[in-house]
Trainee: 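My questions will all concern the structure given below.
Computed from a prediction, not measured in an experiment: that's the story for all the values here.
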Amino acid sequence: MANKLPWIFSGSKVCIICEGDEEYEYLDKLISLDVWNENYKFTLENAEGNGNIPARYQDKYQNGSYDVVLVFCDTDRKPYEQYVDIKRKINEFHGVENAADKVVIYGNPCTMQIIVEHWDEIMLKSHQKKKNAPIIFELTGVENYKGREDQRQELFSGITKENYLEMKERIKKLSSDDTIKGSSNFGHFIECFSMKDDAWIKDINDSLEE
């Protein structure tokens, strides 16, 4: 009987289009902590603004180099105007209703809603950094947070494997309705990223091709 060659799983390539620096650096920090399954190779793309996301998404999807392309953004502009436009353009690109719901990771009212869950159960009421700065200072010690590079570095240096696990549990308690402040679907995606089985990627791609 001939010897069988060992089956080698090379992993799934996941590209995430990030709205801006905060989203990019946050995910980069989580990737550096090795908190997700080693079968996934993550590539991050900084869109440098909500308005650039649809074109970047289409480019990466059509490129064919990735097993799945996702988007990571918040909902903070003109309430929901740009966010809704991103979803509409992704739906139109695929020609599938609700396609964006399969690939968009969001935080409402902003990405900071996800980040603060590393430290405590907090429901942010505003996307404005001025209003959230006292909350961030109380939780992390970062003073007068305005999203500057040095402040982002200080903030993300406080993220650890331990408080990632705490965030992972807290995020499950948030609503997954993207019209509600204090909501996010990030919990669903990090569960997927933690799975050895990548069937969820096939499910997404199948739904985009209906």
Trainee: List in chain and number order the residues that pass side chain to side chain contact (heavy atoms under 4.5 Å, CB included) with K129, two or more places apart in sequence or in another chain; answer none if no residue qualifies.
Mentor: E22, Y145
Trainee: Could you go through L33 and T160, starting from their C-alpha distance and side-chain angles, then the distance that decides it, and tell me whether this counts as side chain to side chain contact (heavy atoms under 4.5 Å, CB included)?
Mentor: CA-CA 7 Å; L33 292 176; T160 64; 5.6 Å; no
Trainee: Restricting to side chain to side chain donor-acceptor pair (under 3.5 Å), what partner residues turn up for T111, sequence neighbours left out?
Mentor: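 By the side chain to side chain donor-acceptor pair (under 3.5 Å) rule, T111 matches E23.
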Trainee: List for me each residue that meets side chain to side chain contact (heavy atoms under 4.5 Å, CB included) alongside E191, sequence neighbours excluded, and say none if there are none.
Mentor: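 So E191 forms a side chain to side chain contact (heavy atoms under 4.5 Å, CB included) with K168, K172.
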Trainee: For C15, give me all partners under side chain to side chain contact (heavy atoms under 4.5 Å, CB included), at least two apart in sequence or on another chain.
Mentor: I17, K60, Y66, V69
Trainee: Could you tell me whether a side-chain N or O of R56 sits under 3.5 Å from a main-chain N or O of N46, the two making a donor and an acceptor?
Mentor: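 Yes, the answer is positive, given that a donor and an acceptor are paired below the 3.5 Å cut-off.
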Trainee: Report the C-alpha separation of I136 and L139 in whole Å, then their side-chain angles, then the decisive distance to 0.1 Å, and conclude whether the side chain to side chain contact (heavy atoms under 4.5 Å, CB included) test is met.
Mentor: CA-CA 5 Å; I136 295 170; L139 294 175; 6.0 Å; no
Trainee: Show the numbers, then the answer: is there a side chain to side chain contact (heavy atoms under 4.5 Å, CB included) between E169 and L165?
Mentor: CA-CA 7 Å; E169 291 306 309; L165 294 175; over 6 Å; no
Trainee: Using the test side chain to side chain contact (heavy atoms under 4.5 Å, CB included), find all partners of K41 that sit at least two apart in sequence or belong to another chain.
Mentor: none
Trainee: Would you find more than 12 non-hydrogen atoms of other residues, nucleotides or ligands less than 6.0 Å from Q62 atom CD?
Mentor: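 Correct, the count exceeds 12.
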Trainee: Scan I90, N50, I16 and name whichever one has a side-chain contact (heavy atoms from CB on, under 4.5 Å) with V71.
Mentor: I90
Trainee: The criterion is side chain to side chain donor-acceptor pair (under 3.5 Å); which residues satisfy it with K13, sequence neighbours excluded?
Mentor: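 Counting only residues at least two positions away or on another chain, K13 forms no side chain to side chain donor-acceptor pair (under 3.5 Å).
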Trainee: Scan residues 179-209 for pairs that pass ring pair (Phe, Tyr, Trp, His ring centres under 6.0 Å), counting only residues two or more places apart or in two chains.
Mentor: W36-F193, Y40-W200, F42-F193, F72-F186, F193-W200
Trainee: Return yes if some donor-acceptor pair links the side-chain N/O of D67 with the main-chain N/O of V14 below 3.5 Å, else return no.
Mentor: no
Trainee: Are any side-chain N or O atoms of N108 and backbone N or O atoms of T75, one a donor and one an acceptor, separated by less than 3.5 Å?
Mentor: no
Trainee: In this structure, is the centre-to-centre distance between the rings of Y57 and H94 below 6.0 Å?
Mentor: yes
Trainee: Strictly by salt bridge (Lys or Arg N to Asp or Glu O under 4.0 Å), give each pair with a member in residues 112-127 just once, sequence neighbours left out.
Mentor: E121-K173
Trainee: Please list all pairs passing the salt bridge (Lys or Arg N to Asp or Glu O under 4.0 Å) test where one or both residues lie in residues 133-158, with sequence neighbours left out.
Mentor: D21-R152, E25-R152, R148-D150
Trainee: Which atom pair, heavy atoms only, marks the closest approach of N132 to C110?
Mentor: ND2-SG, 4.1 Å
Trainee: Going by the salt bridge (Lys or Arg N to Asp or Glu O under 4.0 Å) test, which pairs reach into residues 100-109, not counting sequence neighbours?
Mentor: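 Listed once each, the pairs are K87-D101.
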Trainee: Work out which heavy atom in I53 is nearest to a heavy atom in C73; give both atom names and the distance.
Mentor: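 Minimum heavy-atom contact is CD1-CB, 3.9 Å.
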Trainee: Verify, without hydrogens or angle tests, whether N185 (side chain) and S175 (backbone) share a donor-acceptor contact under 3.5 angstrom.
Mentor: no
Trainee: Mind checking side chain to side chain donor-acceptor pair (under 3.5 Å) for E48 and listing every partner two or more places apart, or none if nothing turns up?
Mentor: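 With neighbours one apart ignored, the set is empty.
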Trainee: Using a strict cut-off of less than 4.0 Å between a Lys/Arg side-chain nitrogen and an Asp/Glu carboxylate oxygen, indicate whether K89 and D85 qualify as a salt bridge.
Mentor: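 Answer for the salt bridge query: yes.
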Trainee: Sub-3.5 Å donor-acceptor pair from the side chain of Q113 to the main-chain atoms of I122, do we have one?
Mentor: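 A pair under 3.5 Å: yes.
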Trainee: Report the residues that fulfil side chain to side chain donor-acceptor pair (under 3.5 Å) with Y106, sequence neighbours left out, ordered by chain and then residue number.
Mentor: none
Trainee: Please evaluate residues Y26 and L155 with respect to the criterion side chain to side chain contact (heavy atoms under 4.5 Å, CB included), reporting the C-alpha separation (whole Å), side-chain torsions for both, the decisive distance (0.1 Å), and the verdict.
Mentor: CA-CA 9 Å; Y26 173 60; L155 179 67; over 6 Å; no
